[in-house]
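When a ligand or atom number is given, it counts from 1 through the structure's own listing order.
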Amino acid sequence: MAQYARSPAVAVIRLRNPPVNTLSFAVLQALEDGLEKADADPSVKAVMICGENGKFSAGADIRGFSSPNRPVKSLAALVSLIESSKKPVVAAIEGIALGGGLEVALGCHYRVAHVKARMGLPEVTLGLLPGAEGTQRLPRLIGVPAALDMITTGKHIPATEALKLGLVDEVVEENTVEAAIRLANKVIGQPLGPRRLSLKPVPKLPDMEAFLSQARVRVKKQAQGCLAPELCFQAVRAATQMPFADGVRRERELFMVLLSSGQARALQYAFLAERAAQKWTTPGGASWSSATPQPVRSAAVIGLGTMGRGIVTSLVKANIPVVALEQDLEYLNTGRKAVMLLLEREAMKMEVGAQTLDFHNPARLQFTVDFDSLRDVDLVIEAVFENMALKKEIFHKLSRICKPGALLCTNTSALNIDEIASATSRPQQVIGTHFFSPAHVMRLLEIIYGRHTSPTAIATAVQLAKALKKVGVVVGNCFGFVGNRMMFPYVQQAVFLLEEGSRPEAVDRVLEDFGFKIGPFRMSDLAGLDVGWRSRQGQGLTGPSVPAGTPARQRQGQRYSPLPDLLCESGRFGQKTGKGWYQYEKAGGRTATPDPWLHSLLAQYRDTHGIEPRFIDQEEILERCLFSLINEGFAILAEGIASGPEHLDVIYINGYGWPKHKGGPMFYASTVGLPRVLAKLHKYSEAHPDVPGLQPSAFLKKLAAVGNPPIKEWMSYLSQQSSRL
Ligand code: 3H9
């Protein structure tokens with residue numbers, strides 16, 4: 001709620017709703033009561049609003065948007081009430097003032113911020129717009145270009161930048177509340193008209209129309225299918241075209257459009273899913289609430305290939321001293337140059353005034369070929385290529401050399417963590433850390449516990465993810481873990497569709513129109529087709545180890561497509577060779593063009609195998625690819641590999657380019673309706689009985705049998721299946 005106090009002539013109203021002082025109905029009510037009390041008390045000459053626990057406010061309660069009693073109207077009304085106060089109101093911004101929190105501050109007549117505070121209107125990232133008159137007040141205060149940038153991107157800005165923009169009046173390094181009270185005392189009796197933003201005109205630009213039309217193009221381009229940036233733009237444009245009251249009405253209309261859109265629900269779910277995924281548990285009973293992480297004061301990375309370089313860069317950026325190890329001096333020198341280049345680029349991108357990257361200091365970053373240098377580190381991340389024998393050899397060495405408490409991590413995208421751990425004398429300290437490429441950019445870290453991994457090891461890996469500014473998602477050990485395991489049936493369907501009559505560009509277009517950053521064939525060309533080829537060779541699916549007489553399109557009684565193998569056999573590894581599912585301008589080129597060679601290969605292939613090509617529509621492409629991926633997700637949940645659908649969705653949004661405004665694959669399934677997903681899977685599996693990925697998972701069937709239960713209830717059906725179903 002809000003606490004009311006007096007500092008002689010200044011009434012102090014403190015927003016209080018831990019942990020981030022969201023503006024619940026009770027908080028708004030208490031704030032209104034406080035303002036009325038201050039107004040009625042003749043000895044009060046000014047008001048100061050601050051937040052409890054060093055945080056101003058994170059804005060409206062995101063959980064409340066789906067509730068029928070959401071306090072939407074009253075927040076805007078309250079901001080107006082603050083602004084119309086006859087006594088000056090000063091906001092003391094500590095920590096954060098976000099969304100509705102910043103809108104409250106914009107209603108105040110003055111704003112003082114702590115130097116470490118951050119401000120922003122992140123509503124756009126939740127599929128909304130600042131609906132408490134923020135789209136109308138902010139442009140009046142800081143001008144249209146800066147306001148449009150903040151409102152359409154949702155970025156948080158530091159207090160120093162806010163001062164430059166004129167968003168705050170003062171930035172202080174010491175006690176913000178005292179500074180705000182001092183300012184409040186100073187401005188008693190001064191005219192408030194010029195401080196009321198609703199009365200100010202929007203600052204003019206030499207050519208507002210031209211600016212707006214260019215800005216609109218930029219916003220549309222960045223939106224990638226999201227509705228909110230465009231509507232945020234429209235609301236700010238209204239501020240340039242209409243008086244304040246009309247602009248507010250327009251803002252309200254646009255807000256209501258967004259509020260009722262599926263995208264807002266998906267984006268708010270994605271925000272909360274990311275928080276839910278931090279609360280990890282394992283079927284063995286280990287949990288975030290009871291496990292304590294070990295401190296990581298130093299780390300080592302083994303292998304300076306693409307992944308290792310990115311991981312070293314991430315660690316240096318997180319200010320963790322690193323020892324980087326390679327097998328010989330030649331690899332070491334190549335790796336060192338590449339890491340230094342990455343770090344120099346990162347240093348250039350860093351904010352002015354931020355702590356600098358200290359990577360030229362050998363105490364912070366050391367390159368070596370000597371395993372003995374790993375003796376004292378707290379954590380090792382092995383990032384050599386995917387070869388079980390090599391990984392086991394390294395882990396055997398590590399368990400002899402590293403100090404007893406060191407955490408031993410393997411960066412793998414599919415290999416068995418237990419088998420790797422079996423090469424050590426301390427399997428409880430072995431854990432999988434699956435980074436995504438480029439590792440210093442991608443937010444996802446899949447954290448894989450093995451049979452013996454200790455809760456402390458899991459908690460330490462989760463803590464490491466936080467330190468690296470990544471989202472760590474804890475999952476169980478199985479082939480491909482969560483992300484790649486769900487990806488296998490998706491990619492498999494994409495290739496089967498080619499066999500049956502489609503083309504790479506048609507399949508990619510459908511999935512890119514759905515919102516994926518890149519379709520499965522473009523992705524496979526980017527990642528390199530040889531990676532999967534090597535893995536299939538290792539599994540005995542292709543190459544000399546396939547027994548003579550095995551049908552070309554079948555393995556162990558299941559449908560198999562040798563098409564990707566055929567491409568690899570002709571040296572088409574994707575972008576790196578200039579040819580893959582597409583052709584490129586040169587080896588290493590990035591512009592994919594449909595390739596007539598591939599089209600004729602497909603025609604010949606269908607002839608050889610007696611496949612009658614057919615036209616495959618967009619719906620079938622989308623459903624077969626997505627529903628098979630989702631189906632695998634249900635199997636993963638039923639096996640306890642992940643502890644909730646949110647975990648799968650966070651993995652897909654942050655590691656696989658799933659469009660965030662569609663909430664992740666499992667959320668998407670809930671919006672399509674589980675009975676419909678099930679019916680479609682039945683239909684496709686009847687047509688393709690030799691494809692296990694299309695056979696509906698038992699868990700999906702159970703959930704669909706009760707209709708379409710809310711996603712947050714799914715796991716309860718799993719644990720109470722016998723009584724509820
Ligand atoms: C809005 O204001 C609309 C207006 O224009 C009005 C229109 C009429 N609501 O992230 P953390 C919870 S829209 C509910 O782990 P951090 C969060 O779920 C709002 N809950 O900590 C978690 O709880 P739990 C615009 C919220 O230190 C706990 O607080 N505002 C909200 O890493 C700690 O959060 C935003 O978009 C919320 N608004 O980061 C701000 N905020 O563990 C969104 C936080 O039980 N929030 N929680 O799940 C953030 O960006 C970060 O949470 C923040 C703290 C930077 C504040």
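Remark: ligand 1 atoms within the under-4.0 Å shell around heavy atoms of Phe65 are 3 (C), 13 (S). Annotation for ligand 1: atoms under 4.0 Å from non-hydrogen atoms of Ala58 are 19 (C), 25 (C), 30 (N), 35 (C), 38 (N), 40 (C), 41 (N), 56 (C). In the vicinity of Ile62, heavy-atom distances shorter than 4.0 Å reach the ligand 1 atoms 9 (N), 14 (C), 37 (C), 38 (N). Every atom of ligand 1 with a heavy atom of Pro130 under 4.0 Å away is listed here by number and element: 5 (O). Interface of Gly131 with ligand 1, defined as ligand atoms under 4.0 Å from a residue heavy atom, comprises 5 (O), 7 (C), 8 (C). Distances below 4.0 Å separate heavy atoms of Leu75 from the following atoms of ligand 1: 6 (C). Ligand-side atoms of ligand 1 in range of Gly59: 2 (O), range being under 4.0 angstrom from any heavy atom. Atoms of ligand 1 lying under 4.0 Å from any heavy atom of Pro19, numbered from 1 in the order shown and given with element: 28 (C), 29 (O).
Under the 6.0 Å distance and 45° angle rule, Arg265 does not count as a cation-pi partner of Tyr269.
Under a cut-off of 6.0 angstrom, the local environment of CZ in Arg275 is crowded, with over 12 non-hydrogen atoms contributed by other residues, nucleotides or ligands.
If you look at Leu128 next to ligand 1, there are no close heavy atoms at all, none under 4.0 Å. The proximity of Thr22 to ligand 1, defined as any non-hydrogen pair under 4.0 Å, is limited to the side chain. Within the 4.0 Å heavy-atom criterion, neither part of Gln278 lies near ligand 1. Only the side chain of Ile96 comes within contact range of ligand 1, with a heavy atom under 4.0 Å; no backbone atom does. With a 4.0 Å heavy-atom cut-off, ligand 1 is reached by the backbone of Ala60 and by its side chain too. Contacts between Lys279 and ligand 1 below 4.0 angstrom, taking non-hydrogen atoms only, involve the side chain exclusively.
Distance check: Leu98 CG to Phe56 CZ gives 11.0 Å after rounding to the nearest 0.5 Å. Distance check: His156 NE2 to Leu121 CG gives 9.5 Å after rounding to the nearest 0.5 Å. Taking NZ of Lys470 as the reference point, atom CG of Asn654 lies at 10.5 Å (rounded to 0.5 Å). With values rounded to the nearest 0.5 angstrom, Lys469 atom NZ is found 15.0 Å from Leu445 atom CG.
Checked by distance only, ligand 1 and Phe255 stay at 3.5 Å or farther apart across all their nitrogen or oxygen atoms. For ligand 1, the polar-atom distance check against Arg118 finds no nitrogen or oxygen pair separated by under 3.5 Å.
Using cut-offs of 30° and 60° on the angle between ring planes, the pair Phe634 and Trp714 is tilted.
Proximity of Thr135 to Glu123: side-chain heavy atoms (C-beta onward) are nowhere separated by under 4.5 Å.
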Yes or no on side chain to side chain contact (heavy atoms under 4.5 Å, CB included) for Phe667 and Ile653, after CA distance, side-chain angles and deciding distance? CA-CA 11 Å; Phe667 180 84; Ile653 289 171; over 6 Å; no
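Residues Tyr656 and Phe436 place their aromatic rings such that the two centres sit under 6.0 Å apart.
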